[in-house]
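Below, each value reflects all heavy atoms present in this structure, side chains not excepted, and no hydrogens, waters or symmetry copies. Labels below follow one simple rule: chain letters A, B, ... track the order of the sequence lines, proteins then strands, and each chain is numbered from 1. Keep in mind that what you see is a predicted model, and the values were worked out from it rather than measured.
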Protein chains: 2
Amino acid sequence: MNNGQIQTGKGKEVILMSTIDRRKMILAAATQSFAQFGYKATTMELVAKIANVGKGTTYTFFRTKEELFDEILRKALQEMKEVCERAIKREDTFDQNLIRVLDALLEFRADHELFVKLAQEVRDIGTVQALEGIKRLENLVLEYMRQEIEAAIEKGEIKPCDSRVISFMLLKFYIALTTEWSQTHEPLNKEQIKQYMQLLLSEGLLAKPN
Amino acid sequence: MNNGQIQTGKGKEVILMSTIDRRKMILAAATQSFAQFGYKATTMELVAKIANVGKGTTYTFFRTKEELFDEILRKALQEMKEVCERAIKREDTFDQNLIRVLDALLEFRADHELFVKLAQEVRDIGTVQALEGIKRLENLVLEYMRQEIEAAIEKGEIKPCDSRVISFMLLKFYIALTTEWSQTHEPLNKEQIKQYMQLLLSEGLLAKPN
DNA sequence: ATAATGACCAAATGAACAATACGGTCAATT
DNA sequence: AATTGACCGTATTGTTCATTTGGTCATTAT
């Protein structure tokens with residue numbers, strides 16, 4: 001391999017990238033393009049152009065467009081999971097952890113944009129691969145939340161309940177507050193989103209008689 | 001006018017409808033057709049045929065197809081509002097009333113194919129008039145809920161909050177429980193739905209023990 | 001005279017076809 | 001051995017044109 005070598009060709013100095021760097025370039029280009037244009041509008045030729053490689057080169061690293069998409073999706077999902085795990089402090093209360101995870105996710109814009117774009121693509125033109133991606137995200141989130149809720153029940157922090165239903169509803173709330181509300185109204189800011197989440201999840205709407 | 005007269009023409013007995021009856025016939029025909037075929041697939045010629053009138057006649061009562069649709073929509077929305085109002089018992093608590101209203105709405109929707117059909121049309125082909133109709137339905141429901149929430153805040157039954165956001169979230173929650181959950185899981189029964197609703201209102205979804 | 005009607009018109013729609021763009025391959029090139 | 005862009009078959013998009021549809025109005029029926 002010619003990793004990092006500098007060679008002279010036809011009077012021009014050319015810096016050859018290592019195959020590893022090339023792979024990274026392609027991944028970065030595709031990541032950007034998928035997040036910006038969605039699955040369908042991202043063409044392999046465009047990815048190659050952004051990455052400054054020939055179209056054929058992308059196919060030496062990724063057998064198909066779907067495989068390339070899959071790797072990017074995996075990375076994004078992995079990253080999100082890590083963000084969640086970093087936000088959780090085992091010694092803290094469930095409530096506090098929940099808010100911190102929420103906060104971390106709201107703050108973590110990078111991967112968010114990919115998923116927002118994919119969700120939009122599903123609504124607008126119903127691309128199957130975009131739908132696939134959204135479903136994988138939802139399943140991951142649901143399963144993660146379900147486990148956390150189960151653990152909290154075990155520890156006696158919250159009342160016993162069907163953790164599948166509750167995690168499902170939690171996700172619906174999050175989506176409603178962060179994206180659905182914005183489609184017909186002024187978007188809510190992070191602080192408001194957190195407040196409403198807390199109100200609906202751990203306080204209830206009914207006024208308590210003091 | 002020839003209201004209700006019976007006349008003899010060319011050996012055949014012909015019953016002439018009054019103009020008022022004709023209007024009703026057209027309205028009934030259109031109501032049936034919109035509910036059965038949706039906005040787009042309902043043609044003015046079909047409406048005329050079902051109503052047993054010439055196409056031109058429909059235009060003596062309704063200036064355009066949209067105007068005809070609008071009158072039918074108005075009627076249906078009005079009917080729905082009355083269903084809501086009948087569901088509310090002033091002496092009862094907010095949460096009991098809320099559940100009764102939402103239940104009544106769900107039932108109303110199930111019996112009135114028009115809205116189901118329009119929702120499907122929006123999903124399938126995105127007809128703008130069908131979307132318009134669905135939006136008017138949603139806005140009516142949201143506004144109705146919003147007023148009830150405002151009143152409940154006034155009475156001190158629930159905590160002060162932005163009634164627009166809360167009505168939005170309550171409706172989302174109800175839809176998630178009744179229809180979205182069923183798309184991937186066993187449907188929840190009425191009792192379960194009521195319990196989750198009460199949990200959300202009184203303690204929050206993630207209630208603490210005791 | 002008035003109400004009703006269907007032939008008629010322009011605009012919208014959709015089917016059929018042509019042109020383009022795309023994912024993926026591979027012989028030529030470096 | 002790695003890279004590349006011309007190339008291929010197919011999927012998508014643009015275009016054309018016949019049909020349909022919302023809406024009008026001269027004619028008909030009463």
Side-chain angles (χ1 to χ4, degrees), chain A residues 1-23 25-26 30 33-34 37-70 121 124-129, chain B residues 1-26 29-30 33-34 37-70 121 124-129:
Chain A
M1 292 212 223
N2 291 325
N3 294 7
Q5 283 183 13
I6 297 177
Q7 300 205 342
T8 306
K10 295 188 179 177
K12 266 200 279 184
E13 286 220 333
V14 179
I15 298 173
L16 295 182
M17 307 272 182
S18 72
T19 58
I20 289 167
D21 282 346
R22 281 178 178 276
R23 193 175 198 283
M25 296 277 289
I26 293 166
S33 184
F34 281 130
F37 307 117
Y39 181 85
K40 196 179 176 195
T42 291
T43 71
M44 292 302 267
E45 210 156 3
L46 178 63
V47 169
K49 186 158 276 178
I50 296 174
N52 273 314
V53 298
K55 187 160 72 142
T57 309
T58 57
Y59 282 91
T60 65
F61 296 108
F62 305 95
R63 297 220 314 272
T64 66
K65 182 182 180 182
E66 296 208 35
E67 202 167 278
L68 174 59
F69 183 59
D70 185 73
E121 189 173 346
D124 293 351
I125 53 175
T127 315
V128 297
Q129 289 87 351
Chain B
M1 294 212 226
N2 292 324
N3 296 7
Q5 283 185 13
I6 297 178
Q7 301 207 341
T8 307
K10 295 184 178 179
K12 265 200 279 184
E13 286 222 332
V14 179
I15 298 172
L16 293 183
M17 309 274 181
S18 73
T19 58
I20 290 167
D21 282 346
R22 281 177 179 280
R23 193 176 197 281
K24 274 188 185 154
M25 295 278 289
I26 292 166
S33 184
F34 281 131
F37 306 116
Y39 181 85
K40 197 181 176 194
T42 290
T43 69
M44 292 301 266
E45 207 154 5
L46 179 63
V47 170
K49 185 159 277 178
I50 297 175
N52 273 314
V53 297
K55 185 160 73 142
T57 309
T58 58
Y59 283 91
T60 65
F61 296 107
F62 305 94
R63 300 220 312 272
T64 66
K65 183 182 179 182
E66 295 208 34
E67 200 168 279
L68 174 58
F69 183 58
D70 185 72
E121 189 173 348
D124 293 351
I125 53 175
T127 314
V128 298
Q129 289 87 351

Once you round it to whole Å, what is the distance between [atom2] of [N] and [atom1] of [X]?
X: B/M25; N: C/dA4; atom1: CE; atom2: C1'; answer: 14 Å
X: B/Q129; N: C/dA12; atom1: CD; atom2: P; answer: 13 Å
X: A/K65; N: C/dA21; atom1: NZ; atom2: C1'; answer: 11 Å
X: A/R23; N: D/dT3; atom1: CZ; atom2: P; answer: 13 Å
X: B/D21; N: C/dA3; atom1: CG; atom2: C1'; answer: 15 Å
X: B/Y59; N: C/dA4; atom1: OH; atom2: P; answer: 16 Å
X: A/E67; N: C/dT25; atom1: CD; atom2: C1'; answer: 16 Å
X: A/M44; N: D/dT12; atom1: CE; atom2: P; answer: 16 Å

Side-chain donor/acceptor pairs under 3.5 Å, residues 51-62 of chain B, sequence neighbours excluded:
| from | atom 1 | to | atom 2 | distance (Å) |
| --- | --- | --- | --- | --- |
| B/T57 | OG1 | B/G54 | O | 3.4 |
| B/T58 | OG1 | B/K55 | O | 2.5 |
| B/T60 | OG1 | B/T57 | O | 2.6 |

If you look only at pairs with a residue in residues 37-46 of chain A, which of them pass as a side-chain hydrogen bond (donor to acceptor under 3.5 Å, both in side chains), with sequence neighbours excluded?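 Pairs touching residues 37-46 of chain A that pass the test: A/S33-A/T42.
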Under 4.0 Å from OP1 or OP2 of D/dT13: is there any side-chain N or O of A/K40 that close?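 Yes, A/K40 has a side-chain N/O under 4.0 Å of OP1/OP2 on D/dT13.
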Please determine whether a side-chain nitrogen or oxygen atom of A/R22 lies at a distance below 4.0 Å from atom OP1 or OP2 of D/dT4.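 Result: yes.
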Just compare D/dT21, D/dT3, D/dG23 and give me whichever is closest to any side-chain atom of B/T43.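 Nucleotide nearest to B/T43's side chain: D/dT21.
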Categorize B/T57 for me: base, sugar-phosphate, or nothing, with a 4.0 angstrom heavy-atom threshold over every strand shown.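 Contact class for B/T57: base.
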Select base, sugar-phosphate, or nothing to describe what A/T42 touches, counting heavy atoms under 4.0 Å on all strands.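 The answer is sugar-phosphate, as A/T42 gets under 4.0 Å only of primed atoms, P, OP1 or OP2.
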Closest heavy-atom contact between B/E121 and B/T127?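 Smallest heavy-atom distance, with atoms named: OE2-OG1, 2.6 Å.
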Could you report the tightest heavy-atom contact between B/V47 and B/A29, atom names first, then the distance?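 Looking at all heavy atoms of both residues, the closest pair is O-CB, 3.6 Å.
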Does the side chain of B/E66 come within less than 4.5 Å of B/D70's, by heavy atoms?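 Not in contact.
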Of residues 46-55 of chain A, the positions that come close to DNA chain C - non-hydrogen atoms, cut-off under 4.0 Å: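 Close to the strand are A/K55.
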